[in-house]
Each structure stands twice: as C-alpha cells, then as structure tokens.
Amino acid sequence: MNLFEKIIAREIAADIVYEDEYSLAFRDINPAAPVHCLVIPKRCIERIAHARDDDRDLLGHLMMVAARVAKQEGLEAGGYRLVVNNGEDAGQSVFHLHIHVLGGRKLGWPPG
Ligand code: DGP
C-alpha cells in the first residue's frame, strides 16, 4: 500500500476536506501556501503519464473535485492554482496521482 492508499484506508491520519466514492481530498502535510490541499483518486494511478483512455471520466472528476475544494476553501474570488507533478524532474515524491490545490496568497510564475 502506498502512503496515500494508507490515508484512504485511514491507516495514516490526514485532515480530510472532501470525500466521495472515487476521490479524497486532504490538507498537505507541508503546505506551500495558506491553503494547500491534495485531491487523489481512490484507485491508484501512479502518475498522470500512466493514465489510460478509460481513466478519462475519473480525471475529469478529479478536476471538478479540485475546483469544488478550492471553492469550499474560499479561494474562488482571489484565484488559485492546480498542479500535477509527474516524475522526478517535476519533483513528484508520492507515486499516487494527486492534484495540488494552492491558494490564499499571490503565487509566482513560472515556478522555480
Ligand atoms: P508531490 O511532490 O507532487 O509528489 O507532492 C506530494 C505531497 O504530499 C507533498 O506536498 C507533501 C505531501 N505529503 C507527503 N506525505 C504526506 C502525509 O503523510 N500526509 C499528508 N497530508 N501529506 C503528505
């Protein structure tokens, strides 16, 4: 079981902000912004590059959940950023697909 599967199974505690049949969202343990949540699928896809054609609905669902979480966290008016890190150069450290939802401060671009 990977780390995020343990969070789904409640073997590791997390501050969960949203859950449904297909997805879970919880606060990042090491926040990079005042609001920093992660949206994950309950069925593990290691990284976006491993997604298959039949993951299309699930991927769309995760984006909708990310927008919902951002709204719930009060980020809609000021704006927010969604990030998916894929692989080593992007700094992916947990190999279970996740969308970072970041906001609550002015975010710089491009990322360093
Ligand atoms: P990435 O670098 O894109 O793979 O992001 C992984 C994120 O997961 C990173 O921002 C920190 C977060 N994280 C790692 N371990 C835990 C944990 O045990 N609990 C929570 N809530 N977040 C974690």
Side-chain angles (χ1 to χ4, degrees):
M1 234 192 246
N2 70 45
L3 179 64
F4 287 174
E5 284 173 323
K6 288 181 181 166
I7 289 177
I8 293 166
R10 307 306 202 263
E11 286 181 19
I12 292 178
D15 186 356
I16 292 168
V17 297
Y18 177 83
E19 180 169 23
D20 64 29
E21 192 181 345
Y22 306 106
S23 69
L24 188 72
F26 52 90
R27 294 189 198 285
D28 195 291
I29 203 167
N30 185 22
V35 175
H36 187 173
C37 297
L38 302 172
V39 177
I40 67 170
K42 288 191 170 173
R43 176 168 61 74
C44 180
I45 298 169
E46 269 188 42
R47 55 176 80 183
I48 190 63
H50 287 195
R52 305 176 312 242
D53 277 350
D54 60 355
D55 291 321
R56 194 178 302 260
D57 286 351
L58 177 59
L59 296 177
H61 180 71
L62 296 176
M63 291 297 278
M64 297 302 289
V65 169
R68 178 184 178 134
V69 166
K71 184 174 186 179
Q72 189 179 297
E73 294 293 318
L75 299 178
E76 214 173 50
Y80 56 89
R81 183 170 296 160
L82 305 182
V83 172
V84 176
N85 293 322
N86 183 91
E88 193 183 337
D89 280 358
Q92 184 178 6
S93 60
V94 179
F95 291 90
H96 183 127
L97 179 68
H98 47 283
I99 302 174
H100 294 259
V101 180
L102 295 148
R105 67 169 170 81
K106 200 92 177 162
L107 299 165
W109 190 264

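We use all heavy atoms of the structure for the numbers below, so side chains are in, but hydrogens, waters and symmetry mates are not.
In this structure, Leu62 and Leu97 have side chains that are in contact, with non-hydrogen atoms separated by less than 4.5 Å. With contacts defined as side-chain heavy-atom distances shorter than 4.5 Å, the pair Arg43/Asp55 qualifies.
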Under 3.5 Å, side-chain donor or acceptor atoms of residues 81-91 against the rest of the protein: list the pairs with distances, not counting sequence neighbours.
{"unit_1": "Arg81", "atom_1": "NH1", "unit_2": "Gly108", "atom_2": "O", "d": "2.9"}
{"unit_1": "Arg81", "atom_1": "NH2", "unit_2": "Gly108", "atom_2": "O", "d": "3.3"}
{"unit_1": "Asn86", "atom_1": "OD1", "unit_2": "Ile48", "atom_2": "N", "d": "3.3"}
{"unit_1": "Asn86", "atom_1": "OD1", "unit_2": "Ala49", "atom_2": "N", "d": "3.1"}

Would you give me the side-chain donor-acceptor pairs under 3.5 Å for residues 7-17, sequence neighbours excluded?
{"unit_1": "Arg10", "atom_1": "NH1", "unit_2": "Ile8", "atom_2": "O", "d": "3.2"}
{"unit_1": "Arg10", "atom_1": "NH2", "unit_2": "Glu19", "atom_2": "OE1", "d": "2.7"}
{"unit_1": "Asp15", "atom_1": "OD2", "unit_2": "Arg27", "atom_2": "NE", "d": "3.1"}

List the atom pairs, with distances to 0.1 Å, where a side-chain N or O of residues 28-39 and a protein N or O form a donor-acceptor pair under 3.5 Å, not counting sequence neighbours.
{"unit_1": "Asp28", "atom_1": "OD1", "unit_2": "Asn30", "atom_2": "N", "d": "2.8"}
{"unit_1": "Asp28", "atom_1": "OD2", "unit_2": "His36", "atom_2": "NE2", "d": "3.3"}
{"unit_1": "His36", "atom_1": "ND1", "unit_2": "Ala32", "atom_2": "N", "d": "2.9"}
{"unit_1": "His36", "atom_1": "NE2", "unit_2": "His100", "atom_2": "ND1", "d": "2.8"}

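What you find for Tyr18 and Gln72 is that their closest heavy atoms are CD1-OE1, 4.4 Å. Smallest separation of non-hydrogen atoms from His96 and Lys42: CE1-O, 4.4 Å. Between Ala51 and Leu59, the closest heavy-atom pair is CB-CD1, 3.8 Å.
For Tyr22, the ring-ring contact (aromatic ring centres under 6.0 Å, His included) criterion is met by His61, not counting sequence neighbours. Not counting sequence neighbours, the partners of Asp53 by the salt bridge (Lys or Arg N to Asp or Glu O under 4.0 Å) test are Arg56. Every residue was checked against the salt bridge (Lys or Arg N to Asp or Glu O under 4.0 Å) condition with Glu76, not counting sequence neighbours, and none meets it.
For the atom pair CG (Leu58) and CZ (Arg52), the distance works out to 10.0 Å, reported to the nearest 0.5 Å. In this structure, OG on Ser23 lies 13.0 Å from CE on Met63, to the nearest 0.5 angstrom.
Among residue pairs with one or both ends in residues 67-92, none qualify as ring pair (Phe, Tyr, Trp, His ring centres under 6.0 Å); sequence neighbours excluded. Among residue pairs with one or both ends in residues 39-60, none qualify as ring pair (Phe, Tyr, Trp, His ring centres under 6.0 Å); sequence neighbours excluded. Residue pairs meeting the salt bridge (Lys or Arg N to Asp or Glu O under 4.0 Å) criterion with at least one partner in residues 99-112, sequence neighbours excluded, are absent.
Other residues, nucleotides and ligands place no more than 12 heavy atoms under 6.0 Å from the CG atom of Asp57. No more than 12 heavy atoms of other residues, nucleotides or ligands shown are found within 6.0 angstrom of CZ on Arg68.
Using a 4.5 Å cut-off between side-chain heavy atoms of Ile, Leu, Val, Met, Phe, Trp and Tyr, with links allowed through other members, Val65 and Leu24 fall into different hydrophobic clusters. Under the 4.5 Å side-chain heavy-atom criterion for ILVMFWY residues, a single connected hydrophobic cluster contains both Val69 and Ile99.
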